[in-house]
Each structure stands twice: as structure tokens, then as C-alpha cells.
Amino acid sequence: MVRTCREMNATGINQGTAGNLSVRLGDRFLITPSSLPYDRMQPEDLVEMAFDGTYVGNRRPSSEWRFHRDILKARTDIDVVLHCHSVYATTLACHHKTIPSFHYMTGVAGGTTIRCAKYATFGTQALSDYAIEALEGRLACLLGQHGQISLGKTLESALWLANEVETISRLYVQALTLGEPPVLPDDEMERVLEQMRRMSYGQAPDLDGVNDVARPKAS
Ligand code: 13P
């Protein structure tokens, strides 16, 4: 988790003490502490929380523990919640823009759009409720006038998705300078989504059986 947070800042999708990260730990979860710079953060600074919001550890949990808790509770398909303030995703979020299927990679978040959640004050239950709503059937969403959330089964996949969301956001901001771009039709996005599911697209190049390229049998 410490490495992933540092990587979040090193790759440029986050800065300072913005953003936070959680990982499911059986019937509890680990979450980053609030307001501690990632380059100073050590594994023992991580906070262990129960789903009722009680915690153990030397530090205060992230102010966003409610949406981490609620997402981990609602979404048994994932084990990692990553939140960051990546610049292009947040630029779109400042305009409350949903990302449409103007490019096939919008599909990496699991649907034909990447929704933007309504604005609510950071750390509140309302923000958590809006995030859950925007994440329905998706692995990522924007947070109105705030940032983005990306989910994953692993730290690696959540970080990968957060970077993809940032790239697609950047493309969308750039495409918008020439006017609202056309969107791919739903039947094409269905094919894209099916293909992405079948190939675990972009995430598992080393695993056997996740790509549709015929491989020669090992002798
Ligand atoms: P924390 O330092 O409390 O995690 O807050 C950072 C943040 O991004 C709030 O949304």
C-alpha cells in the first residue's frame, strides 16, 4: 500500500497528501492515515478499521473512510479502493462531466460511460452515497469538483485503472477543444466490453488463457 501511494504521486496522478487507499483484510480493511505525506508514511502508519468505523492504530484514518468502507462493503467483486485528484479527471469532474464512449477505452471502467458523482463535502456520508451510485456497474467514477475513484482486485489493477481513467480524461479534455466528439454506438461498445472481459484487457499479459491469441504448445 505504501509503495502504491508513492507510485500514485510519482506517476503524477496525485500530489501532496491528496488521495487515499484501502485494501480489504477479511472482515476488516486497511486504510491510509489522514494528511500524512506518502514519502513519510510507513506500513505501521496504516490504520486497521472494522466496517462499523472503529479502528486501531497510531494514526487517524483517512477522512474518506466512509466511502472506502461503503464501497468495500457493497462491492464484493473488488478488494482495493483508490482515490486520487488526478488533474484531467478532476478537470472534467469540476464541470460535472460524465465521460461518454467517445473512445473505446472508456470501457475499461466496465461500461459505456464513466459517471461523475454529485458533489458533497469531503469525508461525508453524502459523498459516499453519491460515489456508490456513480460506481453502479462500474470500476471507476469521477467525483464532482473533487477527483476520481478507481477500484480493483489488486493494488496493481486499481493503480492501472486510475492511470487509464486519467489518460482517457486527458484525451476527452483535448477532444472537447474541437467540439463535443461523436460517441461509439452501444452495439460497438457491447463488443468492446465483451472483448475486454474475455481478454482481461490491459491487465494480465503474463497469465495464460487471458488473451485470444493462439499460443504454441510448450514442448
Ligand atoms: P485524507 O488525507 O484525509 O485521506 O484526505 C485526502 C483527500 O483526498 C480527501 O478527499
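Here the structure is a predicted model, which is why all the values come from computation and not from measurement.
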Smallest separation among heavy atoms of Ser22 and His68, with atom names:
OG-ND1, 2.8 Å
Taking Thr54 for the side chain and Ala50 for the main chain, is one N or O donor matched with an acceptor at less than 3.5 Å?
no
Any side-chain heavy atom of Ser169 sitting closer than 4.5 Å to one from Ile99?
yes
Quick one: salt bridge (Lys or Arg N to Asp or Glu O under 4.0 Å) partners of Arg191, sequence neighbours excluded?
Glu188
Any chance CD of Gln125 has more than 12 other-residue heavy atoms, nucleotides or ligands included, within less than 6.0 Å?
yes
Side chains of Trp160 and Val108: does their closest heavy-atom pair fall under 4.5 Å?
yes
Using 0.5 Å steps for rounding, measure from the CG atom of Asn163 to the CD atom of Glu7.
8.5 Å
Residue pair Ala158 / Gly152: nearest heavy atoms and the distance that separates them
CB-N, 3.9 Å
Do the non-hydrogen side-chain atoms of Leu127 and Thr121 ever get within less than 4.5 Å of each other?
no
Tell me whether Gln148 contacts the main-chain N or O of Cys141 through its side chain, where contact means a donor paired with an acceptor under 3.5 Å.
no
Applying salt bridge (Lys or Arg N to Asp or Glu O under 4.0 Å), can you list everything that pairs with Arg69, at least two apart in sequence or on another chain?
none
Listed by chain and number, what are the salt bridge (Lys or Arg N to Asp or Glu O under 4.0 Å) partners of Arg115, not counting sequence neighbours?
none
Besides Leu155, the hydrophobic cluster formed by Ile, Leu, Val, Met, Phe, Trp and Tyr side chains linked at under 4.5 Å, directly or via other members, contains Met1, Val2, Met8, Ile13, Leu21, Val23, Leu25, Leu30, Leu36, Tyr38, Met41, Leu46, Val80, Leu82, Leu159
Sole candidate of Thr4, Asn20, Asp45 that passes side-chain contact (heavy atoms from CB on, under 4.5 Å) when paired with Thr32:
Asn20
Between atom CD of Glu166 and atom SG of Cys84, what is the distance when rounded to the nearest 0.5 Å?
7.0 Å
Under 4.5 Å between side-chain heavy atoms, counting indirect links through other Ile/Leu/Val/Met/Phe/Trp/Tyr residues: same cluster for Val165 and Val192 or not?
yes
Around atom CZ of Arg3, are there more than 12 heavy atoms from other residues, nucleotides or ligands closer than 6.0 Å?
no
For the CD1 atom of Ile78 and the NZ atom of Lys153, what is their distance to the nearest 0.5 Å?
8.5 Å
Quick one: CG on Leu142 to SG on Cys116, what's the gap to the nearest 0.5 Å?
5.0 Å
Honestly curious: do Ile149 and Tyr119 fall in one hydrophobic cluster under the side-chain, below-4.5 Å linking rule?
no
Less than 4.5 Å apart, any side-chain heavy atom of Arg60 and any of Trp65?
no
Give every residue pair that meets the side chain to side chain donor-acceptor pair (under 3.5 Å) criterion with at least one member in residues 87-98, sequence neighbours excluded.
His96-Gln145
Heavy-atom side-chain proximity of Leu171 to Phe102 below 4.5 angstrom
yes
Cluster question for you: counting only ILVMFWY and a side-chain heavy-atom cut-off of under 4.5 Å, with indirect links fine, are Tyr172 and Met105 together?
yes
Report yes if some heavy atom in the side chain of Tyr130 is under 4.5 Å from a heavy atom in the side chain of Leu143; otherwise report no.
no
Side chains of Arg28 and Val56 in contact at under 4.5 Å (non-hydrogen atoms):
yes
May I have the step-by-step check of side chain to side chain contact (heavy atoms under 4.5 Å, CB included) for Leu135 and Leu151, ending in yes or no?
CA-CA 9 Å; Leu135 284 166; Leu151 312 179; 4.2 Å; yes
Passes side chain to side chain contact (heavy atoms under 4.5 Å, CB included), Thr154 versus Asp79? Steps please.
CA-CA 7 Å; Thr154 62; Asp79 292 320; over 6 Å; no
Atom CD1 in Ile132, atom NZ in Lys73: separation rounded to 0.5 Å?
10.0 Å
So, the side chain of Asp39 versus the backbone of Arg6: is there a donor-acceptor pair under 3.5 Å, distance only?
no
Linked, directly or transitively: Ile114 and Leu193 (ILVMFWY side chains, under 4.5 Å)
no
Is a side-chain N or O of Arg59 found less than 3.5 angstrom from the main chain of Ser34, in a donor-acceptor match?
no
Verify side chain to side chain contact (heavy atoms under 4.5 Å, CB included) between Thr112 and Val183, making sure each step is shown before the conclusion.
CA-CA 10 Å; Thr112 56; Val183 294; over 6 Å; no
Could you give the distance from CG (Asp186) to OG (Ser101), rounded to the nearest 0.5 Å?
6.5 Å
Sequence-distant partners of Glu136, salt bridge (Lys or Arg N to Asp or Glu O under 4.0 Å), two or more places apart:
none
Please check if atom CZ in Arg170 has more than 12 non-hydrogen atoms from other residues, nucleotides or ligands closer than 6.0 Å.
no
Report yes if some heavy atom in the side chain of Leu176 is under 4.5 Å from a heavy atom in the side chain of Leu92; otherwise report no.
yes
Compute the ring centroids of His83 and His146, then answer whether they are less than 6.0 Å apart.
yes
For atom CZ of Phe122, decide whether the heavy atoms of other residues, nucleotides or ligands shown that lie under 6.0 angstrom number more than 12.
no
